[in-house]
2 protein chains.
Amino acid sequence: LIEMQQVEKVYRLGKIDVPALCGIDLQIEANEYVAVMGPSGSGKSTLMNIVGCLDSPTAGRYLLDGENVSHLSDNQLSEIRSRKIGFVFQTFNLMPRATALRNVELPLIYAGVPSGRRRQLAVQALEKVGLSDRIKHKPSELSGGQRQRVAIARALVTEPALILADEPTGNLDSTTGQEIMEILSALHRAGNTVILVTHEKELAAQTGRTIGLRDGRIETQEEAAQS
Amino acid sequence: LIEMQQVEKVYRLGKIDVPALCGIDLQIEANEYVAVMGPSGSGKSTLMNIVGCLDSPTAGRYLLDGENVSHLSDNQLSEIRSRKIGFVFQTFNLMPRATALRNVELPLIYAGVPSGRRRQLAVQALEKVGLSDRIKHKPSELSGGQRQRVAIARALVTEPALILADEPTGNLDSTTGQEIMEILSALHRAGNTVILVTHEKELAAQTGRTIGLRDGRIETQEEAAQS
Ligand SMILES: Nc1ncnc2c1ncn2[C@@H]1O[C@H](COP(=O)(O)OP(=O)(O)OP(=O)(O)O)[C@@H](O)[C@H]1O
Ligand SMILES: Nc1ncnc2c1ncn2[C@@H]1O[C@H](COP(=O)(O)OP(=O)(O)OP(=O)(O)O)[C@@H](O)[C@H]1O
Ligand SMILES: [Mg+2]
Ligand SMILES: [Mg+2]
């Protein structure tokens, strides 16, 4: 499903170049469950942004489902994203003036789902993450962990084939975090591909393979013992 | 230092009342190191906002350093905050158009520190959290964990007597998270009061006492074995 060949990403800030990814070679098959770990600043979110077509590499080739997506326009990338990819952002990226329900409906609006069906799916997704009693609340009226769960519901509501979850449990207590992991595991068992950035080894151990990043390079790859 | 007597907080949203804190009785002495844990939505950030004079209780009494601060004006609360309290927000609350350096200088500007001294202190604070090479970057040019560390530097730069850290390591890998904990422990050893919200028992175990919240109430209080 995902093939990266010597992908690089350099952020250019005026005179300064910040290398975030350096020579990434990576393959992820459909229906894999992969964790990505590494120190702060090692390139995890940058990698996720490229995998998820939110950004393009500076150099190298990225094939998604056999298609070279390295140099597509924003519109083309946006079209791929909306069809194939659910994204749980590290910073949630919720619309601050919209309710939780509206935020979760958003991918369905883009997908052209009719209003009644759309509302039903969004309510179900919010129930799944334990937020039935918060659907009319705006992000500013929610706790940190509740906002994170709205972001998770929004990523999952279209049942995308590829789910990218960047630190989806960082703001959650262990019990709630484990509930989220069970949702992600169920999606993987149902045939979807899941890539999870996490700092917690216990969560990475629940996936099939862990990729270790450091300073923009893949440092380690470990198959999980149980999978 | 901190005394709360039957403190309540109810958020009013049109017709809906959301009880976030219900009958909190709490005492924290000067120079204590206290952790607060609990499920998502249990009231931790709400409690921190009241302790830190960012919000007022709906009912009950809150005495800070012997002064009843339950019913002060915004200006009065702001004055107390700027003199006494450093806050690491769960959502960082960085100024998006300002550099990391500028963000960290902000409390010093409010405190009237001269420009040269201000810059020196801000650079030192950023070095302390491992961000020497990022001082001119804006929040959008930083990783999640780097933004969190800017927020930490900003909270500590005035060396406040009371430090409130709401999930300061949620976006950090274990090594970087432990470095932050060592900074907080050093501040406690230096005589300051530190209150830490965390989901991680390993981090709570490094403090002197852990308060467990659930549904807006204090459910448990445990002294740490090592302190
Ligand atoms: N501004 C607000 N308006 C309305 N309700 C709010 C507001 N802030 C918090 N709440 C509600 O109050 C309750 C407590 O929220 P709080 O942010 O204190 O929880 P928390 O323990 O910090 O949770 P988390 O671990 O998810 O950050 C939650 O049910 C939340 O939905
Ligand atoms: N928009 C940007 N502009 C400039 N530099 C950036 C930008 N985004 C990230 N960087 C830099 O690129 C490097 C990798 O960032 P990235 O966000 O991928 O790290 P990360 O592994 O996700 O870190 P964290 O665990 O802290 O979230 C960092 O050094 C960061 O400062
Ligand atoms: Mg990141
Ligand atoms: Mg909170």
Side-chain angles (χ1 to χ4, degrees), chain A residues 11-16 18 20 37-49 89-92 94 96 99 129-131 133-134 136-149 166-167 169-177 179-180 197-202 212-214 216, chain B residues 11-16 18 20 37-49 89-92 94 96 99 129-131 133-134 136-149 166-167 169-180 197-202 212-214:
Chain A
Y11 293 105
R12 291 188 161 104
L13 308 172
K15 298 178 182 178
I16 301 169
V18 178
M37 295 186 77
S40 179
S42 57
K44 301 178 300 292
S45 294
T46 302
L47 177 65
M48 294 288 262
N49 285 343
F89 295 94
Q90 191 173 13
T91 46
F92 318 149
L94 299 176
T99 61
V129 296
L131 287 177
D133 60 342
R134 289 289 188 279
K136 297 275 176 87
H137 290 224
K138 295 183 184 146
S140 63
E141 299 158 346
L142 297 171
S143 78
Q146 288 165 344
R147 293 183 206 172
Q148 193 161 42
R149 286 182 275 156
D166 196 347
E167 305 274 10
T169 62
N171 279 282
L172 304 179
D173 57 281
S174 299
T175 300
T176 311
E179 290 166 3
I180 298 306
V197 173
T198 180
H199 291 295
E200 297 179 55
K201 290 181 183 175
E202 301 84 13
L213 283 189
R214 179 174 294 274
Chain B
Y11 293 105
R12 290 188 163 103
L13 309 171
K15 296 179 184 177
I16 302 170
V18 179
M37 296 187 78
S40 178
S42 56
K44 302 179 300 294
S45 295
T46 302
L47 178 63
M48 293 288 259
N49 286 343
F89 296 95
Q90 193 174 10
T91 45
F92 317 151
L94 299 177
T99 62
V129 295
L131 287 176
D133 59 343
R134 290 287 188 281
K136 298 278 178 83
H137 291 224
K138 294 181 189 156
S140 64
E141 300 159 342
L142 297 171
S143 80
Q146 288 166 342
R147 293 182 207 175
Q148 194 161 42
R149 286 182 273 155
D166 196 348
E167 304 272 10
T169 62
N171 280 283
L172 303 179
D173 57 283
S174 298
T175 301
T176 311
Q178 193 54 43
E179 289 167 3
I180 298 306
V197 172
T198 181
H199 290 294
E200 299 180 52
K201 290 179 184 174
E202 300 84 17
L213 282 188
R214 180 175 295 272

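Remember, it's a predicted structure, so these values are computed and weren't measured experimentally. Residue numbering restarts at 1 for every chain, and letters A, B, ... go by the order of the sequence lines.
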Exercise. Distance-only, no hydrogens or angles: does the A:Asp173 side chain make a donor-acceptor pair with backbone N or O of B:Gly38 under 3.5 Å?
Worked result: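 Here the side-chain-to-backbone pair does not exist.
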State, with a plain yes or no, whether a side-chain heavy atom of [X] is found less than 4.5 Å away from one of [Y].
X	Y	result
B:Arg147	A:Thr91	yes
B:Val18	A:His137	yes
A:His199	B:Ser174	no
B:Leu13	A:Lys138	no

For this session: Please determine, by modelled atom types, if A:Gln90 and B:Asn171 share a side-chain donor-acceptor pair under 3.5 angstrom.
Result: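 Indeed, the side chains of A:Gln90 and B:Asn171 share at least one donor-acceptor pair under 3.5 Å.
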Exercise. Which atoms of B:Thr176 come close to chain A, meaning under 4.5 Å heavy atom to heavy atom: side chain ones, backbone ones, both, or neither?
Worked result: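 Contact with chain A involves the side chain of B:Thr176 alone.
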For this session: Sort B:Gln146 into side chain, backbone, both or neither according to what part of it lies under 4.5 angstrom from a heavy atom of chain A.
Result: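 Contact with chain A: backbone and side chain both.
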Exercise. What residue, out of B:Glu200, B:Lys201, B:Glu167, B:Arg149, has the most heavy-atom pairs lying under 4.5 Å from chain A?
Worked result: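 When all of B:Glu200, B:Lys201, B:Glu167, B:Arg149 are compared, B:Arg149 has the most.
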Exercise. If you take all heavy atoms of B:Ser143 and A:Gly41, which pair is closest and at what distance?
Worked result: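 Answer, listing the atom of B:Ser143 first, then A:Gly41: OG-N, 3.7 Å.
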